[in-house]
Engineer: 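Sharing a structure, written as structure tokens. Questions coming.
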Amino acid sequence: MRVLVIGGGGREHALVWKIRQSPKVTDIYCAPGNAGTAEIAKNVPIPADQIDQLLEFAEKNDIGLTVVGPEQPLVMGIVDRFEEKGLRVFGPTARAAELEGSKAFSKDIMKKYGLPTAEYKTFASHELAQRYFDKETGPMVVKASGLAAGKGVILCRNAEEGLKAVDTIMKDKSFGEAGDQVVIEEFLEGQEVSVLAFSDGNTVLLMDSAQDHKAAWDGDQGPNTGGMGAYSPAPVFTDIMRQKVRDKIMLPLVRAMKSEGRPYKGILYAGLMLTTMGPKILEFNARFGDPETQPLLVRMASDIVPLFEACIDGTLDQCELEW
Ligand SMILES: Nc1ncnc2c1ncn2[C@@H]1O[C@H](COP(=O)(O)OP(=O)(O)O)[C@@H](O)[C@H]1O
Ligand SMILES: [Mg+2]
């Protein structure tokens, strides 16, 4: 089978590295890829958000499986477009990927179905968001609701910083239309862990845990980043926590998405804060994490290609995952 991986980060390098070990795979392409993927796959010079061109490439080159790395094409509906053409593609549809594409939507789902997450309020008007700080003094977290490449979240110690954050997101539009809505959240304390799972819309299969080095600079003194690097497993994440995360977070979420008419197939990634009250959800992502994918896939013993196929076919209940 010929496989196409979409994206050009460290995540996609790790995906290509893992996928090419599968005996089911004959050729592997990466669009647009990077210097790392060039050594182990054929790079295709099509940007990850050019869905028409990707579709044409997949059809012309007899691609049997497409794996989508980044969130942008997922939110734009790449999976829907490939499925319409009868192509096999791994990832959530646009309506399911909204779980990552809109933090406001995601929080509303968590609240509606009673999933553990920080208290929050959503605002679509700059003035109303400002007025929130008449009563609240902080600390709190101010988030642009839309996709902001991991840069749209501002941790605020007090109302003054909160007001500044709201200005940055809603008035200055520093993150573009991602800031049309803002989510203001309770500040959670604890260790942060990423848990990724395969989902076929009904069944979830959890991977081992991973943890990012979040802050820049030595000694974690710098600002938060999308991840300076990562390690797996996360020593703080116990087996009991894993069961709890599966039964109280991942499974209920997949059931919730199904009953909302947005069946969730693909990688479900929960960013969690391990608080004294138990694990709470910071956010869901609709794809593999970068950098977490790098240590995770190096440790995964199972062939990943049958897992992708089982998610597409709805047969994940027959699969196991070995480390
Ligand atoms: N409610 C919260 N309390 C404390 N820290 C938070 C909270 N929400 C987010 N953070 C911090 O901000 C980071 C980014 O927030 P997240 O919701 O994951 O958005 P994104 O990854 O889209 O930027 C998290 O990894 C975490 O370190
Ligand atoms: Mg995050």
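Hydrogens, waters and symmetry mates are skipped; everything else that's a heavy atom, side chains included, is used. Atoms within each ligand, like the ligands themselves, are counted from 1 in listed order.
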Engineer: Note every protein N or O atom lying under 3.5 Å from an N or O atom of ligand 1, pairing the names and giving the distance.
Structural biologist:
{"unit_1": "ligand 1", "atom_1": "1 (N)", "unit_2": "E185", "atom_2": "OE1", "d": "2.7"}
{"unit_1": "ligand 1", "atom_1": "1 (N)", "unit_2": "E186", "atom_2": "O", "d": "2.9"}
{"unit_1": "ligand 1", "atom_1": "3 (N)", "unit_2": "L188", "atom_2": "N", "d": "2.8"}
{"unit_1": "ligand 1", "atom_1": "8 (N)", "unit_2": "K143", "atom_2": "NZ", "d": "3.0"}
{"unit_1": "ligand 1", "atom_1": "17 (O)", "unit_2": "K103", "atom_2": "NZ", "d": "3.4"}
{"unit_1": "ligand 1", "atom_1": "17 (O)", "unit_2": "K143", "atom_2": "NZ", "d": "2.7"}
{"unit_1": "ligand 1", "atom_1": "18 (O)", "unit_2": "E283", "atom_2": "OE2", "d": "2.8"}
{"unit_1": "ligand 1", "atom_1": "19 (O)", "unit_2": "K103", "atom_2": "NZ", "d": "3.0"}
{"unit_1": "ligand 1", "atom_1": "21 (O)", "unit_2": "E283", "atom_2": "OE2", "d": "2.9"}
{"unit_1": "ligand 1", "atom_1": "22 (O)", "unit_2": "K103", "atom_2": "NZ", "d": "2.9"}
{"unit_1": "ligand 1", "atom_1": "22 (O)", "unit_2": "E283", "atom_2": "OE1", "d": "3.3"}
{"unit_1": "ligand 1", "atom_1": "25 (O)", "unit_2": "E192", "atom_2": "OE2", "d": "2.5"}
{"unit_1": "ligand 1", "atom_1": "25 (O)", "unit_2": "K214", "atom_2": "NZ", "d": "3.1"}
{"unit_1": "ligand 1", "atom_1": "27 (O)", "unit_2": "E192", "atom_2": "OE1", "d": "2.6"}
{"unit_1": "ligand 1", "atom_1": "27 (O)", "unit_2": "E192", "atom_2": "OE2", "d": "3.4"}
{"unit_1": "ligand 1", "atom_1": "27 (O)", "unit_2": "N224", "atom_2": "ND2", "d": "3.3"}

Engineer: Are H126 and D167 close enough that a side-chain donor and a side-chain acceptor fall under 3.5 Å?
Structural biologist: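 There is such a pair (donor and acceptor under 3.5 Å, judged by atom type) between the side chains of H126 and D167.
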Engineer: Using the rule given for ring-ring contact (aromatic ring centres under 6.0 Å, His included), can you reason through F288 versus Y269, listing the C-alpha separation, both sets of side-chain angles and the distance that settles it, and then say yes or no?
Structural biologist: CA-CA 7 Å; F288 280 102; Y269 164 139; 9.5 Å; no
Engineer: CD of E39: more than 12 outside heavy atoms within 6.0 angstrom?
Structural biologist: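 Counting other residues, nucleotides and ligands, CD of E39 stays at 12 neighbours or fewer.
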Engineer: How close do L115 and K248 get, counting heavy atoms only, and between which atoms?
Structural biologist: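 Of all heavy-atom pairs spanning L115 and K248, the closest is CD2-O, 3.6 Å.
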Engineer: For atom CZ of R157, is the number of surrounding heavy atoms from other residues, nucleotides or ligands below 6.0 Å larger than 12?
Structural biologist: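 At most 12 heavy atoms, drawn from other residues, nucleotides or ligands, come within 6.0 Å of this atom.
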Engineer: Give the cluster check for M241 versus M250: same hydrophobic cluster or not, with ILVMFWY residues linked at side-chain heavy-atom distances below 4.5 Å.
Structural biologist: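 They do share one cluster, since a chain of ILVMFWY contacts under 4.5 Å joins M241 to M250.
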Engineer: Of all the N, O or S atoms in E283, which has the shortest distance to the Mg ion (ligand 2)?
Structural biologist: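 Per the distance ranking, E283 contributes OE2 as its closest N/O/S atom to the Mg ion (ligand 2).
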